[in-house]
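Have a look at the structure below, then the notes.
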There are 2 protein chains.
Amino acid sequence: MRITKGKILQVSGTLFNEKGLSNVSMRTIADELTISPGNLTYHFRKREDIIEALYFELVDNMNEAIAQAQQTGLASIYQMTQAINSILYTYRFIMLDFTTIMRNNKKIKTHFEKLCELRKVQFTGIINHLIKTGILRQEELPREYEFLYYRFQLIGDYWVSSAEILHQKIAKKHIELYNEIILQSLYPYLTKKGRNEYHALMKSILI
Amino acid sequence: MRITKGKILQVSGTLFNEKGLSNVSMRTIADELTISPGNLTYHFRKREDIIEALYFELVDNMNEAIAQAQQTGLASIYQMTQAINSILYTYRFIMLDFTTIMRNNKKIKTHFEKLCELRKVQFTGIINHLIKTGILRQEELPREYEFLYYRFQLIGDYWVSSAEILHQKIAKKHIELYNEIILQSLYPYLTKKGRNEYHALMKSILI
DNA sequence: ATATTATTAGTACATTTGTACTAAATTAAA
DNA sequence: TTTAATTTAGTACAAATGTACTAATAATAT
């Protein structure tokens with residue numbers, strides 16, 4: 001059976017997730033696929049090319065998820081958080097070596113920087129909308145929601161790593177936990193109306 | 001001049017911070033110290049021993065800082081945050097490879113796990129005290145302050161990495177920024193009394 | 001059927017790494 | 001001063017890694 005780029009990426013991703021990025025060499029991947037190293041380098045000349053391809057898979061999945069989640073209010077935030085965290089879990093090896101990858105791969109780093117700018121704008125838009133609709137209170141401190149965003153982003157980028165360390169090994173069940181940890185950080189900024197919506201949302205999720 | 005363990009650790013730390021953990025080999029360190037590799041391995045038989053020693057330096061510094069900061073209320077939290085973040089910056093190479101180190105070094109991992117338990121108890125104590133003294137509001141959600149702690153911890157463990165990625169390279173000036181980002185996450189849980197104390201604290205810092 | 005292209009296996013090379021080992025040199029002890 | 005211990009330099013080794021190269025095989029096109 002002929003090997004495909006897709007199959008290589010799929011197996012590589014699984015291996016990276018299981019063993020950790022640095023413990024998977026080109027030979028490891030070739031062995032798992034029962035193909036020769038020569039064959040592997042024919043499809044991906046460099047190991048970094050595999051990592052890049054998987055990173056952009058992640059990004060594609062993310063964009064799709066964000067595009068789909070077009071609800072309003074808190075529900076949309078919840079839905080996005082959930083979708084994003086699931087994807088981050090799927091590509092958890094990237095998140096577990098996030099800092100290393102960003103430091104060593106300029107192509108990925110450059111792309112990620114632009115992504116951050118976009119995300120910040122999107123976040124600001126949502127926040128402003130929530131304020132207008134009386135769900136979120138006004139800012140009381142300088143840069144208050146800007147800093148909230150930084151915390152959101154930081155937790156988004158690193159909850160997988162944190163979970164891996166805190167709970168021996170990260171598992172699927174942790175996604176829900178961190179969904180809630182992230183979502184709760186919004187709660188104390190909500191107005192009375194917002195809190196009611198929050199509680200309603202929580203009830204609807206439990207069902 | 002005779003080489004000392006202290007000198008080796010100091011130079012290793014600087015190199016690790018500048019070049020990143022994975023880009024500093026035993027030979028790099030020996031070269032920088034203008035000693036032979038043989039001499040270096042005489043003082044530290046394994047590269048991992050150097051990393052461990054530096055980790056425990058960090059821990060010692062941390063414990064000392066926490067022991068000293070015995071104020072009350074929000075001021076104590078601010079003081080501790082500030083001290084801890086400064087130390088984390090000093091040993092930033094550890095934070096930049098935090099996940100990798102925790103995954104690969106069992107000794108450090110085991111120690112860190114115990115440290116986490118202790119920190120959580122300390123945090124819970126402070127929170128309860130702040131509630132009693134009417135500075136922090138009661139919990140409104142299940143596990144609300146537990147989750148706040150997880151966010152605190154996560155940001156504490158990874159703000160260095162995040163700053164490194166977001167701002168090309170982490171610098172001393174970022175410490176203040178993240179002090180505030182962390183401290184602000186407490187703000188919306190404060191009572192009226194607590195918020196007054198918060199504003200007073202902020203004014204006193206600006207001076 | 002033949003020619004061309006794509007795919008595969010196998011191997012080889014250069015580099016790097018941690019660290020073990022030996023012998024010399026230096027320092028401390030008697 | 002002689003002996004013992006400590007420290008140093010230099011080297012060597014084994015393992016792993018990314019990836020380039022060559023020749024074979026298989027697939028496709030003409």
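Keep in mind that the numbers below use all heavy atoms, side chains included, and drop hydrogens, waters and symmetry copies.
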Taking only side-chain N and O atoms of R45(A), does any of them lie within less than 4.0 angstrom of OP1 or OP2 on dT19(D)? no
In terms of heavy-atom contacts, S185(A) and R151(B) come closest through CB-NE, 3.3 Å
Calculate the interatomic distance between I3(B) atom CD1 and dT26(C) atom C1'; express it in whole Å. 15 Å
To the nearest angstrom, the CZ-C1' distance between R47(B) and dT16(C) comes to 12 Å
Looking at the side chain of S25(A), which of dT28(D), dT8(D), dG18(D) is the nearest nucleotide? dG18(D)
Taking atom types as modelled, is there a side-chain donor on Y91(A) or N61(A) under 3.5 Å from an acceptor on the other? yes
Calculate the interatomic distance between D31(A) atom CG and dA16(D) atom P; express it in whole Å. 12 Å
Please tell me if K46(B) has a side-chain N or O lying less than 4.0 Å from either OP1 or OP2 of dG18(C). no
In the 5'-to-3' direction, what one-character label does each nucleotide of nucleotides 10-15 of chain D receive under the scheme B = base within less than 4.0 Å of a protein heavy atom, S = sugar-phosphate only, - = no such atom? B-B---
Distance check: side-chain N/O of H43(A) vs OP1/OP2 of dT8(C), anything under 4.0 Å? yes
Under 6.0 Å between ring centres: does that hold for F112(B) and F98(B)? yes
To the nearest angstrom, how far is N23(A) atom CG from dG18(D) atom P? 11 Å
Could you tell me if T99(A) and Y158(A) have a donor-acceptor pair between their side chains, going purely by distance under 3.5 Å? yes
Taking the six-membered ring for Trp, are Y55(B) and H111(B) closer than 6.0 Å centroid to centroid? yes
Any ion pair linking E144(B) and R137(B) (charged N to carboxylate O, less than 4.0 Å)? yes
Give a yes or no on whether a salt bridge exists between E146(A) and K120(A), defined as a side-chain N under 4.0 angstrom from a carboxylate O. yes
Distance check needed: dA9(C) P versus M26(A) CE, whole Å only. 14 Å
Nearest whole angstrom, please: distance from the C1' of dA25(C) to the CD1 of I35(B). 16 Å
Could you check how far CZ of R2(A) sits from P of dT8(C), rounded to whole Å? 6 Å
Using OP1 and OP2 only, check whether a side-chain N or O of Y42(B) sits under 4.0 Å from dT7(D). yes
Nucleotide dA20(C), atom P - distance to CZ of F44(B) in whole Å: 15 Å
